[in-house]
Amino acid sequence: VVAGWPSGMVSMPTRRQKLIWFFQDNWPLAVPLVVLLLMTWIWWNFGRDLPRGTISVQYEPPERLTPAEVGALADDNVDLKDITATIVDLARRGFLTIEELKGKEYILTRRKESEPGLKPHESLLLKFLFQDGGTVSLSDLENKFYQHLPGLKTAIYDGLGKQGYWWGRPDRVRAFWWGVSAAVFATGWFSAGVFPDPLVFVFSMMVSAGIIALFASFMPRKTPQGAR
């Protein structure tokens, strides 16, 4: 049995109609664009550092900041090089000595006890370095000093926060937005079955979560004092 009808009895959809149908079926593809615009607006208004204004030449650390604090303000992050700079600075100020041995080995020896002028993270660092005695080698610290890094980072972040250099602790700001990113990803994964084309929805939410995660690193905001 063959059935048919003359050409023209059924009108073909126009390109515009096809485009409308495409977006009706695949509207989740627009979600990443909306997320990108929203995150850009949030960063511009709540994450971007304010303009610094006139910058004058300084020959001393600003407001007596320690090397670790300067490093943390420079990139909104406390890393191992900031801790290393603090050790060298403490040696310069006479709290310890650094002796180089053969084979790239170094010996740290404590020379002075803590004094009122030390900041909390400096006192903690001396305590962690010499908790087993007045002399320690870097090889001895290699497998156990990392346990104290979270405490040192917290002391540096809290110290700068109390001095008014950030609106919020950078590590917590980043963690918040990473949490939002994970929530968006989980929403896409567990809600996919509700939509006619789950793959499109999952893909859209994965891209959206990735955009939020990328913005997380740029969300910590300095105060005007910190930006200077």
Of all heavy-atom pairs between Pro170 and Tyr157, which one has the smallest distance, and what is that distance? CD-CD2, 3.8 Å
Run the numbers on Phe185 and Met206 for side-chain contact (heavy atoms from CB on, under 4.5 Å), then give the verdict. CA-CA 6 Å; Phe185 179 85; Met206 287 177 61; 3.4 Å; yes
Closest heavy-atom pair, Ile87 versus Leu125, reported as atoms and distance to 0.1 Å, is CG1-CD2, 3.7 Å
Indicate, with yes or no, if Leu118 and Val70 share a hydrophobic cluster defined by side-chain heavy-atom contacts under 4.5 Å among Ile, Leu, Val, Met, Phe, Trp and Tyr. yes
Listed partners of Phe215 passing side-chain contact (heavy atoms from CB on, under 4.5 Å), at least two apart: Leu36, Met39, Thr40, Trp43, Ile211, Met219
When hydrophobic residues are tied together by side-chain contacts of less than 4.5 Å, even through go-betweens, does Phe176 share a cluster with Val184? yes
Check Pro220 against Asp49 and note the closest heavy-atom contact, atom names and distance. O-OD1, 4.1 Å
So, Thr66 versus His121: side-chain donor-acceptor pair below 3.5 Å or not? yes
Residues which pass side chain to side chain donor-acceptor pair (under 3.5 Å) with Glu122, listed by chain and number, not counting sequence neighbours: Arg93
For residues 76-85, which residue pairs qualify under salt bridge (Lys or Arg N to Asp or Glu O under 4.0 Å), counting only residues two or more places apart or in two chains? Asp76-Lys222
Correct closest heavy-atom pair for Trp167 and Pro224 would be CZ2-CD, 4.1 Å
For Phe203, check side-chain contact (heavy atoms from CB on, under 4.5 Å) against everything at least two apart and list the hits. Leu29, Val207
Can you run down the salt bridge (Lys or Arg N to Asp or Glu O under 4.0 Å) pairs that involve residues 206-218, sequence neighbours left out, and say none if there aren't any? none
Donor-acceptor contact present, side-chain Thr223 to main-chain Gly164, <3.5 Å: yes
Relative to the ring of His148, is the ring of Phe128 parallel (under 30°), tilted (30 to 60°) or perpendicular (over 60°)? parallel
Shared hydrophobic cluster for Val88 and Leu108 (ILVMFWY, side-chain gaps under 4.5 Å): no
What residues, two or more places apart in sequence or in another chain, satisfy side-chain contact (heavy atoms from CB on, under 4.5 Å) together with Leu101? Glu99, Glu105, Ile107
Please say yes or no: joined through hydrophobic side-chain contacts below 4.5 Å, possibly via intermediate residues, are Trp41 and Val34 part of one cluster? no
Less than 4.5 Å apart, side chain to side chain, heavy atoms only: is that true for Tyr146 and Leu141? no
Applying salt bridge (Lys or Arg N to Asp or Glu O under 4.0 Å) as the test, list every pair that has at least one member in residues 169-183; sequence neighbours left out. Asp158-Arg169, Arg169-Asp171
Under the side-chain hydrogen bond (donor to acceptor under 3.5 Å, both in side chains) definition, can you give me all pairs with a residue in residues 177-186, not counting sequence neighbours? none
Kindly write out the residues that satisfy side-chain contact (heavy atoms from CB on, under 4.5 Å) with Pro150, not counting sequence neighbours, or none if the list is empty. none
Might you point out which heavy atoms bring Leu152 and Phe145 nearest each other, and give the distance in Å? CD1-CZ, 3.8 Å
Going by heavy atoms in the side chains, are Leu149 and Leu80 under 4.5 Å from each other? yes
Does the side-chain contact (heavy atoms from CB on, under 4.5 Å) test come out yes or no for Arg111 and Leu90, once each step is laid out? CA-CA 10 Å; Arg111 292 303 184 190; Leu90 288 171; over 6 Å; no
Holding to side chain to side chain donor-acceptor pair (under 3.5 Å), I want the full list of residues that pass it with Arg48, two or more places apart in sequence or in another chain. none
Taking the side chain as every heavy atom from C-beta outward, state whether Phe130 and Thr135 have any atom pair closer than 4.5 Å. no
Residues 126-150 vs salt bridge (Lys or Arg N to Asp or Glu O under 4.0 Å), sequence neighbours excluded, gives Asp132-Lys144
Write down the atom of Ser208, the atom of Val31, and the distance for their closest heavy-atom approach. OG-CG1, 3.6 Å
Is there a path from Leu37 to Phe218 through hydrophobic residues (I, L, V, M, F, W, Y) whose side chains come within less than 4.5 Å of each other? no
Residues two or more places apart in sequence or in another chain: which of them pass side chain to side chain donor-acceptor pair (under 3.5 Å) with Glu100? none
Interatomic spacing from CG in Leu38 to CD1 in Ile212 - rounded to 0.5 Å: 8.0 Å
Please walk me through it: do Asn77 and Lys153 pass side-chain contact (heavy atoms from CB on, under 4.5 Å)? CA-CA 9 Å; Asn77 190 43; Lys153 291 182 178 182; 5.6 Å; no
